[in-house]
Every structure is written in C-alpha cells, then in structure tokens.
Amino acid sequence: MSFSSEQPKKRIFSGIQPTGNLHIGNYLGAIKNWISLQQDSETIYSIVDLHALTLDSNLETLNESVYEVTAAIIASGIDPQKSIIFNQSSVKEHSELCWVFNCVAKMGWLNRMTQFKEKAGKKRENASVGLYNYPILMAADILLYRATHVPVGDDQKQHLELTRDIATSFNHIFKNNLKNDFFTLPEPIISGPAKRIMSLKDGTKKMSKSELSDFSRINLTDNRDNIVKKIKKAKTDALPIPELETELTSRFEAQNLINIYAGLEDKSPQMVLDEYSGKGFADFKKDLTEILIEKITPISNNMLKLLKDKHEIERILTDGSLKARTIAEKVMCDIKKIIGFI
Ligand code: TYM
C-alpha cells in the first residue's frame, strides 16, 4: 500500500498540559530541550487540552490555562515561526486515532501505568475512564504526526514505552496490508541533570503543578521576592556540599538543588560540585537564587506582556492548528486505508 503521508527523517513532537503553574521542572525537563530542537528540526508542540479534561480540578481554569501555557512556552523561547504550536482539541484526529489505539492496546499494559496509580490514588473507582486512558491519547498525539523523537521529562518514560508498544502492535496487526512498517518507533529524548526535578520541600517527591504548597516549586511566573523566599526555605541538610556526585545519592534535597543549578547553567552536576565542594548551602543558595532570577524573570515579564493580547495568542494557535491539521489529516487517512475502512 502506498501512502500520501511521508515518514519524515526527523520530526519532534511533544505536549504540555494547560494546568497552570508551569514550573522549572517543566522548563528544565522539557521546554528547554524543545527550544534547542527547533533550531534544526521540524518541531510540533501541543497544548494538550483534551488531556486536561481527565482531572476535574483542571476544568474551572481550563480556558485561562490554555492562554497562560501558550504564553509561557512562547515567552520561554518557542518561536511560532519555527515550531508548530497548537491546542490539541482543535485537531479532531487526535481523538479519532485514540479510538483506534483503544482497540490495539491491552488492558494489562494500561494496568501497569504508575502515573495513573499515583493520580487516581486510593479513589481508583472514582477516577475517570479518561484518566486511565490518558497514555493512549498520548500515543495518538505522537503517532498522528509519525514523530521520530519526543523530548519529555523522566516521568513520561513509561508512557513513551507504551507508545512504542502500540506502534509495534499496530504494525503487526495490519502487516498483511502493509509493505513496510507504517510507524517507526519514536525515540524519547530524556536527558541532562534536570530530567526529574523534585519538590523543594521533599526531595523524594516530583516537583508538580498540582502540589498544594507553592513553596514546593519555582513557577515560571514567580517574581524576585518569591524566588528569594522559596530558595531560602528550600529543604537541605546539615552536611557541606560534597566533592563527588556519588556522595549525593541519599541526600535527595541537596542533589535536587545541585541538579537545578546544573540544568540552568548547562553544566554537569560534577562541575557544580567542583565549584562548591566544602562550602555550606547558604552561599550556594544565594548564587542559585540569582541564577533563577536571571532566567525566570525575563520569562515571566514576557509572559505577562503576551497575555495582554489574547487575540494574538488565538491567532498563533489557529495558525498552528491549520498546519498540524494538514499533517494529521493525511496520516489519519492512511491509517483508515490500512485498517480497511471504506
Ligand atoms: P505535563 O504537562 O505534566 O508536563 C510537561 C512536561 O514537563 C515535564 N515535567 C518535568 N520534568 C522534570 N521534572 C519535573 N518535576 C517535571 N514535571 C513535569 C514532563 O515530563 C513533560 O515533558 N503527558 C504529558 C503531556 C503530553 C505529551 C504528549 C508529552 C500529552 N501528550 C505527547 C509528549 C508527547 C504531561 O502530562 O506533561
């Protein structure tokens, strides 16, 4: 069978939920990589508003959050001239392909997903089916564009593995209708010291948008005062900064602050230790605060400026959606032919 959608040599896809409170975990774990990839690759970034429906707590602010998150990624350096930026619900093929993959993926695969277990918690019977199904929609997002690479934080690794399983399974189920595999398996890009940034209050918990205490994270909207207060209060331990990375393994909070510094400065954690070993955390925290202020405040100022013109944000999303749709329609049309729909 010949296809109208071509498999690109390199195409990047990633997504972010419009759930407010974007933080430095999102920035260092994902958005920073998105920015560098747009220099030499075809890049598609989605504000995944359909995913946000999976939790009731997101509904009230959904509309506002789409503007905010779009503004945040543009303010961070995603350029609408270089990257396709669009909101997921405006390309209906995401939902359409999700249904196809519902019929490819196995219950057992979804039952292993740790993020569902964490998010549903003890009230699993009350969790929406959408929350359970969440990783399948994510697979549809990626494979709808026949993406080859997906830059994400470490918490999305298992979802990426599931995406690869779904792609393999689809290729296998429909092998008699195909000359070659239709989907190439997308590679995750999960790299650097900041792939998993932890809470400032508890180094064993991931930094998260939904954590109740604002002191657990540095938001991209934080001003100088907030950053100073939050880093001052950030948990550390009484020991000095060590010489070697291996000495940080059970010092979770210390390790996290070193990783944040390394991520912001594009250094390895060892390079940061070389600079600070033997010192206490007071000096280190002062420097970290200054670096954070230097990186975050231009983003938050820029974001506030962009949010003053919501029509412009809508224009960017509409333009991105048109471009995304051009790719998605062709791929979905091929998928329907492969399945045998008339
Ligand atoms: P979301 O909105 O939770 O997070 C957006 C990106 O930020 C990364 N991230 C982190 N990285 C390091 N440390 C942290 N503490 C941290 N917290 C979040 C996430 O790994 C992510 O890359 N399921 C996705 C959205 C999505 C998607 C996709 C991603 C939907 N479809 C297709 C890639 C491809 C999510 O909830 O991201």
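Note that the numbering runs from 1 along the sequence shown for the chain. A quick note: this is a predicted structure, and the numbers were derived from the prediction, not measured. Note that ligands are numbered from 1 as they come in the structure, with each ligand's atoms numbered from 1 the same way.
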Which N/O atoms of ligand 1 sit under 3.5 Å from a protein N/O, and at what distances?
from     : atom 1 : to     : atom 2 : distance (Å)
ligand 1 : 2 (O)  : Gln17  : N      : 2.8
ligand 1 : 2 (O)  : Lys209 : NZ     : 2.8
ligand 1 : 4 (O)  : Asn26  : ND2    : 3.3
ligand 1 : 7 (O)  : Asn26  : ND2    : 3.1
ligand 1 : 11 (N) : Gly25  : O      : 3.1
ligand 1 : 13 (N) : Ile197 : N      : 2.8
ligand 1 : 15 (N) : Ile197 : O      : 2.8
ligand 1 : 15 (N) : Met207 : O      : 3.0
ligand 1 : 20 (O) : Gly153 : N      : 2.8
ligand 1 : 20 (O) : Asp155 : OD1    : 2.4
ligand 1 : 22 (O) : Gly153 : N      : 3.2
ligand 1 : 23 (N) : Tyr134 : OH     : 2.6
ligand 1 : 23 (N) : Gln156 : OE1    : 3.0
ligand 1 : 31 (N) : Asp141 : OD2    : 2.7
ligand 1 : 36 (O) : Gln17  : NE2    : 3.0
ligand 1 : 36 (O) : Tyr134 : OH     : 2.6

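Ring planes of Tyr145 and Phe13: parallel class, angle under 30° (limits at 30 and 60°).
With hydrogens and angles left out, the side-chain atoms of Ser41 and Thr43 include no donor and acceptor closer than 3.5 Å.
For the pair Lys119 and Tyr134, the cation sits on the ring face: its NZ or CZ lies under 6.0 Å from the ring centre, inside 45° of the axis.
What you find for Asp334 and Ser5 is that their closest heavy atoms are OD2-OG, 2.6 Å.
Under a 3.5 Å cut-off, the side chain of Thr236 and the backbone N or O of Ala254 do not form any donor-acceptor pair.
Between Phe174 and Phe182, the ring centre distance reaches or exceeds 6.0 Å.
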